[in-house]
Amino acid sequence: MHHPKFNDFPADFLWGAASAAYQVEGAWNEDGKGPSVWDLFTKLPGKTFEGSNGDVAVDHYHRVEEDVALMAEMGLKAYRFSVSWPRIYPNGRGEVNEAGLAFYERLIDALLAHGIEPVLTLYHWDLPQALQDEYGGWEDRRIIDDFEHYCVTLYQRFASKVKYWVSLNEQNYNLTNAYQLGTHPPAVQDRKRFFAANHIAFLANARVIKAFRQHVPNGLIGPSFAYSPAYPASCAPSDMLAFENAEEFTNLWWLDAYCFGRYPQAALAYLRETGEAPEILPGDLELLREGTPDYIGVNYYYTLTFTDNPLGGQTMQRINTTGQKGTTPSSGVPGLYKTTPNPHLETSNWDWAIDPTGMRIALRRLSSRYGLPLMITENGLGEFDKLTADGRVQDDYRIAYLQSHLKACQEAMQDGVALIGYCAWSFTDILSWLNGYQKRYGFVYVERDEQGGSLRRIKKESFHWYSQVIASGGKTL
Ligand code: BG6
């Protein structure tokens, strides 16, 4: 469908940018913060690119005012950030750490003072280590109460200041890495444990959404889902079936649980056969239905293309974390599906397919299946950037990426999608969990590498470009 002309973006469209606590804050053990699972995991040998960690990150904790001033200069309308649970509850629960709350209050107040809408993520992977040690974190139902208690603390403190909330960030990506690939803490490779922990995370998600209604009646909350829409490699029925399998197992498994309070049928039937299905106790599905989201947060980076995978075929493989193009192997589940490169798409140096049309497809699939408003909570391009001798970063490739994806948003809105806003990933450069500091996403360059650096902020070319797009309400796209 080709639209003859683009409609304008709505006047209240949230032109945003995003970050996450562990990736920007640093100050990992300051002002009463407890350790998170990432504080320990990144220090185990061989887990991250060149052993990089977030001890200092880009030092946002100490540079909040400077960073918010840059957001204001850019004209940003929304800033998505996450709260570090162990900053608020160093032991996961018990005594609250007032200094942690005060830090986020300072950030929120600074944003509001500049007319920037805060979008608060409750959980972006930095689980308190104490809860991992005590009962295995997401593998134990006790986490549901502890997570709710932590979230209610934030609701009570910030209900009058924060309207947009994100419950869990990329539960699908995080737990797949944590319990299938073994690449995020606690680095387990066990599908049964994966589906069990993932089920408990759904319950926690629903519980905090339920509590939200009571404490933040005028706010909006939803999870952020890492949505990589599936494509079939060809119109061969076996590829179409692989695509159906992949869409159910890698996407609808989460989306249907969040929005419909049930698991997709074929996937559940398969897992019951293999003995890997999660244990669903009486009341679980009722809870899921009582805690459905107001909107879906969409983290979109790429589409994935699938082909048939026989029994005994390709298994799950870890991703390219070096930026050496072409090093991502095919990955899949024997008997169900496996990935294959899409010959129609260019890729980044980390082998992520660049596919703006895929974003339009993503938004349309979600909107028509669930009938909910959507917010792009992440979209961006991780690349090697170069700081030139005269202090500039000419990231025209990033501008091209963002521009084409924003146009896809515009088209999706014309297709009838209710899109609240767009948060580019990321505002400043960040620590990419497994890929170190060399995989950069920001509008603002931060002078540091795996070893460290001056932490000076430098506006990239894309900073000025996005600033103009926002000022024109999208007309200069
Ligand atoms: C998402 C995460 O997976 O994508 C972010 O929510 C992350 O935290 C982003 O940084 C990009 O992924 P990566 O692996 O390139 O850092």
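When a residue number appears, it is its place in the shown sequence, counting from 1. Read the numbers this way: they start at 1 and go in the same order the structure lists the ligands and their atoms.
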Checklist entry - Can you list the atoms of ligand 1 that are under 4.0 Å from a heavy atom of E170? => result 1 (C), 2 (C), 3 (O), 6 (O)
Checklist entry - Does the cation-pi check pass for R193 over Y179, that is, NZ or CZ under 6.0 Å from the six-membered ring centre and within 45° of its axis? => result no
Checklist entry - What do we get for W350 next to ligand 1 when only non-hydrogen atoms under 4.0 Å count, side chain, backbone, both or neither? => result neither
Checklist entry - Within the distance-only criterion (no hydrogens, no angle test), does the side chain of N379 pair as donor or acceptor with the backbone N or O of V298 below 3.5 angstrom? => result no
Checklist outcome for this item: Within 4.0 Å of some non-hydrogen atom of S432, the atoms of ligand 1 are 13 (P), 14 (O), 15 (O), 16 (O)
Checklist entry - To which protein heavy atom is atom 9 (C) of ligand 1 closest, and what is the distance rounded to 0.1 Å? => result Y301 OH, 3.4 Å
Next on the checklist: Between N169 and N299, do the side chains contain a donor N or O and an acceptor N or O under 3.5 Å apart?
Outcome noted: yes
Next on the checklist: Any atom of ligand 1 sitting under 4.0 Å from a heavy atom of Y441?
Outcome noted: yes
Checklist outcome for this item: Checking heavy atoms under 4.0 Å, the part of N435 that sits near ligand 1 is side chain
Checklist outcome for this item: Among non-hydrogen protein atoms, atom 6 (O) of ligand 1 lies closest to E378 OE2, 2.8 Å
Checklist outcome for this item: At under 4.0 Å between heavy atoms, what of Y22 touches ligand 1? The answer is neither
Checklist entry - Do the numbers put R440 on top of the ring of Y445, so that NZ or CZ is under 6.0 Å from the six-membered ring centre and no more than 45° off the axis? => result yes
Checklist entry - Is the closest heavy-atom distance from L434 to ligand 1 below 4.0 Å? => result no
Next on the checklist: Show me which atoms of ligand 1 lie under 4.0 Å from any heavy atom of H124.
Outcome noted: 2 (C), 5 (C), 6 (O), 8 (O)
Item to check | Side-chain donor-acceptor contact under 3.5 Å, Y89 with T153 | outcome: yes
Item to check | Side-chain donor-acceptor contact under 3.5 Å, N251 with E247 | outcome: yes
Item to check | Parallel, tilted or perpendicular: rings of W138 and W85 (30°, 60°) | outcome: perpendicular
Item to check | W253 versus N172, side-chain donor and acceptor atoms under 3.5 Å | outcome: no
Checklist entry - What are the atoms of ligand 1, with element, lying closer than 4.0 Å to any heavy atom of N169? => result 6 (O)
Checklist entry - Who's the nearest protein heavy-atom neighbour of atom 10 (O) of ligand 1, and how far? => result Q23 NE2, 2.9 Å
